[in-house]
Novice: 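Just passing along the structure, written as structure tokens.
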Amino acid sequence: SAVISQKPSRDICQRGTSLTIQCQVDSQVTMMFWYRQQPGQSLTLIATANQGSEATYESGFVIDKFPISRPNLTFSTLTVSNMSPEDSSIYLCSVVGAGVDTEAFFGQGTRLTVV
Amino acid sequence: EDKVVQSPLSLVVHEGDTVTLNCSYEVTNFRSLLWYKQEKKAPTFLFMLTSSGIEKKSGRLSSILDKKELFSILNITATQTGDSAIYLCAAVFYNFNKFYFGSGTKLNVKP
């Protein structure tokens with residue numbers, strides 16, 4: 001299994017500012033994903049973080065709003081830019097290990113409140 | 001369009017009851033179905049189902065996949081208040097490059 005450290009665990013931010021969330025894994029993983037979970041909703045995939053190249057974004061999410069970096073196989077960041085109250089959510093980093101038929105592991109999540 | 005549908009959306013039971021949670025999926029290039037329990041922020045893994053008809057068990061929890069009818073169920077017997085959580089299922093693409101999550105079932109177990 002993979003151990004994921006996600007920081008910060010929570011933050012309260014002013015609208016118009018940006019927040020960068022970090023995800024550090026204790027082993028090399030093949031896939032890293034970023035999800036958003038709005039209050040009372042399920043997990044929505046924002047993007048797949050690709051090592052050394054631009055992330056692959058899902059419909060409805062754009063790089064200008066959610067820039068993602070993945071400089072190596074164990075680390076990724078998600079930035080929520082120019083925040084508005086609608087960005088208040090839990091943001092989750094998820095990884096898939098290198099083995100066959102391995103499940104997705106999740107970081108502890110970041111609870112973001114925009115005021 | 002790929003989708004995963006869970007039912008019921010919420011459920012209230014009393015301790016000792018048995019519950020069955022449902023997950024149906026329509027996903028191209030399907031490989032596996034995963035069940036997670038989410039109590040606070042991070043979902044925790046319960047089961048991975050890849051083969052049809054083979055039940056997986058862990059204590060009071062069990063799950064099975066039907067790849068012909070495209071659904072899975074999660075059973076919890078002798079429920080306890082600690083089982084109160086959101087239960088998520090996710091359909092996985094063949095090469096693990098995408099996980100589609102259902103909306104979740106919110107289970108509330110009352111004493």
Side-chain angles (χ1 to χ4, degrees), chain A residues 1-11 21 23 25 29-51 55-61 88-113, chain B residues 1-10 21-25 27 29-51 54 56 58 63 65 72 74 85-108:
Chain A
S1 65
V3 177
I4 304 169
S5 172
Q6 185 176 337
K7 292 190 249 187
S9 62
R10 60 175 60 225
D11 208 340
I21 303 168
C23 179
V25 192
V29 293
T30 52
M31 311 292 294
M32 293 184 79
F33 306 98
W34 286 98
Y35 289 89
R36 179 174 75 180
Q37 188 175 30
Q38 294 179 303
Q41 305 293 315
S42 187
L43 279 66
T44 301
L45 180 63
I46 298 172
T48 302
N50 300 310
Q51 192 260 328
T56 304
Y57 288 86
E58 296 299 302
S59 175
F61 298 96
S88 297
S89 288
I90 294 173
Y91 291 85
L92 289 155
C93 165
S94 176
V95 304
V96 176
V100 176
D101 280 334
T102 178
E103 71 268 26
F105 301 94
F106 288 87
Q108 303 94 322
T110 298
R111 187 182 298 274
L112 171 63
T113 303
Chain B
E1 181 182 338
D2 297 319
K3 61 181 178 181
V4 176
V5 178
Q6 290 187 246
S7 64
L9 293 181
S10 65
L21 309 182
N22 303 293
C23 175
S24 65
Y25 63 92
V27 173
N29 296 316
F30 173 85
R31 183 186 184 98
S32 303
L33 191 126
L34 308 180
W35 283 96
Y36 288 87
K37 178 182 181 181
Q38 186 179 30
E39 294 177 89
K40 292 183 179 178
K41 289 187 291 184
T44 54
F45 173 75
L46 294 175
F47 296 110
M48 172 182 285
L49 304 160
T50 303
S51 300
I54 299 175
K56 292 207 171 181
S58 177
S63 185
L65 175 68
S72 174
L74 175 68
I86 296 172
Y87 290 84
L88 297 164
C89 71
V92 186
F93 269 29
Y94 188 75
N95 58 357
F96 280 87
N97 68 342
K98 199 158 285 191
F99 291 67
Y100 277 108
F101 281 86
S103 55
T105 293
K106 186 173 184 179
L107 175 64
N108 183 7

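A, B, ... follow the sequence lines: proteins, then strands. Residue 1 opens every chain. Keep in mind that this is a model prediction, so the values were computed, not measured.
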Novice: Go through Gln6(B), Lys106(B), Lys41(B) and name the one with the most non-hydrogen pairs under 4.5 angstrom from chain A.
Specialist: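 It is Lys41(B).
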Novice: Is the centre of the Phe30(B) ring less than 6.0 Å from the centre of the Tyr25(B) ring?
Specialist: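 Yes, close enough.
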Novice: So Phe33(A) and Phe99(B), would you call those rings parallel, tilted or perpendicular, with 30° and 60° as cut-offs?
Specialist: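 Perpendicular.
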Novice: Which answer fits Phe47(B), side chain, backbone, both or neither, if we ask what part of it has an atom under 4.5 Å from a heavy atom of chain A?
Specialist: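 Looking at Phe47(B), nothing touches chain A.
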Novice: Would you call Glu58(A) and Lys98(B) a salt bridge, taking side-chain N to carboxylate O under 4.0 Å as the test?
Specialist: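 A salt bridge is present here (some side-chain N lies under 4.0 Å from a carboxylate O).
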Novice: For Ala91(B) and Val4(B), which heavy atoms make the closest approach, and how far apart are they?
Specialist: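 Here Ala91(B) and Val4(B) meet closest at CB-CG2, 3.8 Å.
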Novice: Given that the side chain runs from C-beta out, which part of Phe45(B) has a heavy atom under 4.5 Å from chain A: side chain, backbone, both or neither?
Specialist: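 For Phe45(B), side-chain heavy atoms alone lie under 4.5 Å from chain A.
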Novice: Heavy atoms only: give me the nearest Thr50(B)-Ser32(B) pair and the separation to one decimal.
Specialist: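 Shortest heavy-atom contact: OG1-OG, 3.0 Å.
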Novice: Where on Gln38(B) is there a heavy atom nearer than 4.5 Å to chain A: the side chain, the backbone, both, or neither?
Specialist: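 The side chain, not the backbone.
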Novice: With a 4.5 angstrom heavy-atom cut-off, which part of Leu43(A) approaches chain B: side chain, backbone, both or neither?
Specialist: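 Both backbone and side chain.
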Novice: Identify which part of Ser9(A) has an atom lying under 4.5 Å from any heavy atom of chain B, answering side chain, backbone, both or neither.
Specialist: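 Contact with chain B is through both the backbone and side chain of Ser9(A).
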